[in-house]
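Chain letters run A, B, ... following the sequence lines, proteins first, then strands; residues in each count from 1.
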Protein chains: 2
Amino acid sequence: MLGDEDPMRLPPGRARLSDVARLAGVSAKTVSRVITGHHNVSPSTRERVLEAAQRLRFRPNHLARDLRQGGVSRTVAFVMGDLKNPFYSHVAAGIERFLAEHGLTMVLAATGDDPAQEARVVGAMLERRVHSLLLVPIAGDQSYLAGEQQLGTPVICIDRPAHNLAADSVVFANRAGAAEAVQSLLAHGHRRIAFIGSAMYTHDERLAGYRQALLEAGVAAVPQWERQDAVTAADAERVVRELLAGPVTPTAILAGNNRVSTGVLRALRDVPQQVAFIGFDDFDLADTLGVTVVTHDPERMGREAVSLAIARSSDLYGPPLQTVIPTQLVLRGSGEVPPDPASLVR
Amino acid sequence: MLGDEDPMRLPPGRARLSDVARLAGVSAKTVSRVITGHHNVSPSTRERVLEAAQRLRFRPNHLARDLRQGGVSRTVAFVMGDLKNPFYSHVAAGIERFLAEHGLTMVLAATGDDPAQEARVVGAMLERRVHSLLLVPIAGDQSYLAGEQQLGTPVICIDRPAHNLAADSVVFANRAGAAEAVQSLLAHGHRRIAFIGSAMYTHDERLAGYRQALLEAGVAAVPQWERQDAVTAADAERVVRELLAGPVTPTAILAGNNRVSTGVLRALRDVPQQVAFIGFDDFDLADTLGVTVVTHDPERMGREAVSLAIARSSDLYGPPLQTVIPTQLVLRGSGEVPPDPASLVR
DNA sequence: GTGAAAGCGCTAACAC
DNA sequence: GTGTTAGCGCTTTCAC
């Protein structure tokens, strides 16, 4: 007969809520209640619905659910520079895990550390109506996000604060960490300590910590040893060779991050004099190689960012919060070598 | 007057398509055409619409668009073990970049390398109606995905094939890569070569390549040197110590992956005899340390997976495809040391 | 080249 | 405890 459908036969496409409802002999709303786990359903009905859902291999459509619930998805965007950078991938791991515990999903997008890409990439995420935006800011200005905050999307900056935007942020205790490293070098007798890093927020902060520690110890700053021109490992390698070829050479080096560390270590490998070394950021094999580092916990940074996002979504217009995560100095030997007399006379 | 709204004033919430339409004095459909870039719009109308959209800070709602277009989003899911593993994060980077070029977004979920988590995590992705599923299979059975394929969701397995499911996959040339490494060790005079890895697809394949190379060279296999019990770096470290404490010790070691490499190197550091070493997977500082490795390109693996997904979505029921990515042996010294006479007599 | 009406799959509000 | 109605924001007909 025309219009006489066999409800037991699987429909050609994906089963919908209404298909389950028809098969179970209830209304769509009741199925909805069962699926979302509401309690206003009698056990027997629930049973029948679940059975029907299973038979039809029903999977609720979150797209439709999110749309109906106000156009905000249960998805959080993480926009960072490059997943190949272990720092970012560890932060992402922390975010993903913590989100999963809250039934949220992470979408990921990379700016390639290109300031010009940020707004475009962020825009694509916002069009997906993400629940909130976790961003490692790279552009010089984030004021374009003020409207989104206003409209209810939490914006959390990771690793560095936003420019021209009142947003929550999670950062490491960069100054304190660098100061602690320098104090350790000072305690081992060093007075000629170089900082090698680049020109960005975290390195500025670390350099500030370095300066502060030297100042407190009464050690005069040497401008030539405050290098902010090492972005890549190759840069760092070159800078170290330059420094060690100078008339007065440092006896200890503090590296601004793990990329710089790699270059510094490469340069120090071929150099006769002993130079004490401490790196910011831990890295693979640092323990095996006996490299002293200032470590931090990128996963925790991810978790704290998610915490801020969740908190912010229920207090949209409160004052911006900043979470500061402490660092740890891990002594492994390379920072504990005494000043090399060979490098003192030159 | 009641009902008299000023169309110039920003509405309290997010602007919708219809808001733009009202402000521009056109229908919703026309705005839709402009936003999605259709050509059947006169330049002057397009201009007015764009101006209105900009004034209202309109961002199209992809949730709604995707729902209307058939419940399939422009989002691709990547389900892997753990983002902290650099292999996975590099694959993810390749996926993300290639997707972005196609206007697609990546959602990421981790199984924690726990077989029991796979179906749950994958299910969450499918409820988001992802365009396709890129999966590093960890469970012993993926037959539960057959229905999803049938319903139009491409399933692409990464790094290893699926179990009990006809799905596309991208893998490395594991056998050939391991065979090449062993051949190199043989060429440098080694006859006692150990393989250290664990019991999983990639390691099985690499072990097969190792065996094949030995067989072809007429070197008898030594079962005790085919170790598949090293999952962590600590395992590998212990295994190496065991092997080198035996009555007959290997003069060369092939590691099944980068975790194993770390452990092997740690163990070899404290050992008097020279042992040649080749690792599978490159790692940070491997070049600095002069470690010979079999490398591959995880980013390319990600890109190839996306290619397969896109191809599959327009040929849903064709035969499964497998993309095999070649490996490269990178000689850096550690694999080129000759057999140590000290370890031959014992 | 443009518009009106219908509907994607789901849930909020309000019945009963 | 369960059903009905309406509508999230967009795009697909199909009309003009």
Side-chain angles (χ1 to χ4, degrees), chain A residues 11-50 52-53 56-75 126-131 151-152, chain B residues 11-50 52-53 56-75 126-131 151-152:
Chain A
R14 254 174 217 290
R16 293 154 299 172
L17 202 68
S18 60
D19 297 322
V20 179
R22 195 174 332 115
L23 180 55
V26 297
S27 77
K29 180 64 202 172
T30 299
V31 178
S32 170
R33 279 193 265 254
V34 172
I35 297 301
T36 50
H38 279 251
H39 17 265
N40 279 5
V41 181
S42 79
S44 70
T45 317
R46 141 173 273 104
E47 197 56 42
R48 254 184 313 137
V49 168
L50 286 176
L56 295 176
R57 293 216 203 82
F58 173 68
R59 284 191 194 278
N61 186 333
H62 269 248
L63 252 43
R65 170 182 299 181
D66 290 343
L67 179 61
R68 182 62 246 243
Q69 290 190 333
V72 172
S73 71
R74 310 234 347 122
T75 292
L126 293 172
E127 293 189 359
R128 250 111 199 165
R129 290 299 185 271
V130 290
H131 170 276
L151 291 170
Chain B
R14 254 176 218 287
R16 293 154 300 172
L17 202 67
S18 59
D19 296 322
V20 178
R22 196 176 329 116
L23 180 54
V26 297
S27 77
K29 179 60 204 173
T30 299
V31 177
S32 172
R33 279 193 265 255
V34 172
I35 298 299
T36 51
H38 279 252
H39 15 267
N40 278 4
V41 182
S42 78
S44 70
T45 317
R46 142 171 274 104
E47 197 56 41
R48 252 185 314 139
V49 168
L50 287 176
L56 296 176
R57 294 215 201 81
F58 173 66
R59 285 191 194 276
N61 186 332
H62 269 247
L63 252 45
R65 168 182 300 183
D66 290 342
L67 178 61
R68 183 60 246 239
Q69 289 189 335
V72 172
S73 71
R74 309 234 348 122
T75 293
L126 292 172
E127 293 188 0
R128 250 111 199 166
R129 291 297 186 270
V130 288
H131 170 276
L151 292 170

Do side-chain atoms of Arg59(A) reach the backbone of Glu127(B) as a donor and acceptor pair under 3.5 angstrom? no
How close do Ser73(B) and Arg128(B) get, counting heavy atoms only, and between which atoms? OG-O, 3.8 Å
For atom CZ of Arg128(B) and atom C1' of dG9(C), their distance in whole Å: 15 Å
Starting at atom CG of Leu56(A), determine the distance to atom P of dG9(C), rounded to an integer number of angstrom. 14 Å
I need the CG-P distance between Asn40(B) and dT12(D), as an integer number of Å. 13 Å
Would you say Ser27(A) reaches dT4(D)'s phosphate, i.e. side-chain N/O to OP1/OP2 under 4.0 Å? no
Heavy-atom donor-acceptor pair, Asp19(B) side chain to Arg16(B) backbone, under 3.5 Å: yes
As an exercise, state the distance from CZ of Arg65(B) to CG of Leu63(B), rounded to the nearest 0.5 Å. 11.5 Å
Considering heavy-atom distances to DNA chain C, does Arg46(B) or Leu67(A) have its closest nucleotide positioned more toward the 5' end? Arg46(B)
Quick one: what's the B/S/- string for nucleotides 10-16 of chain C, heavy-atom cutoff under 4.0 Å, read 5' to 3'? BBBB---
Would you say dT2(C) has OP1 or OP2 under 4.0 Å from some side-chain N or O of Thr30(B)? no
State which residue, out of Val31(B), Val26(B), Val41(B), fulfils the side chain to side chain contact (heavy atoms under 4.5 Å, CB included) condition with Arg46(B). Val41(B)
Strictly distance-based, threshold 3.5 Å: is any side-chain N or O of Thr36(A) a donor or acceptor partner for the main-chain N or O of Ser32(A)? yes
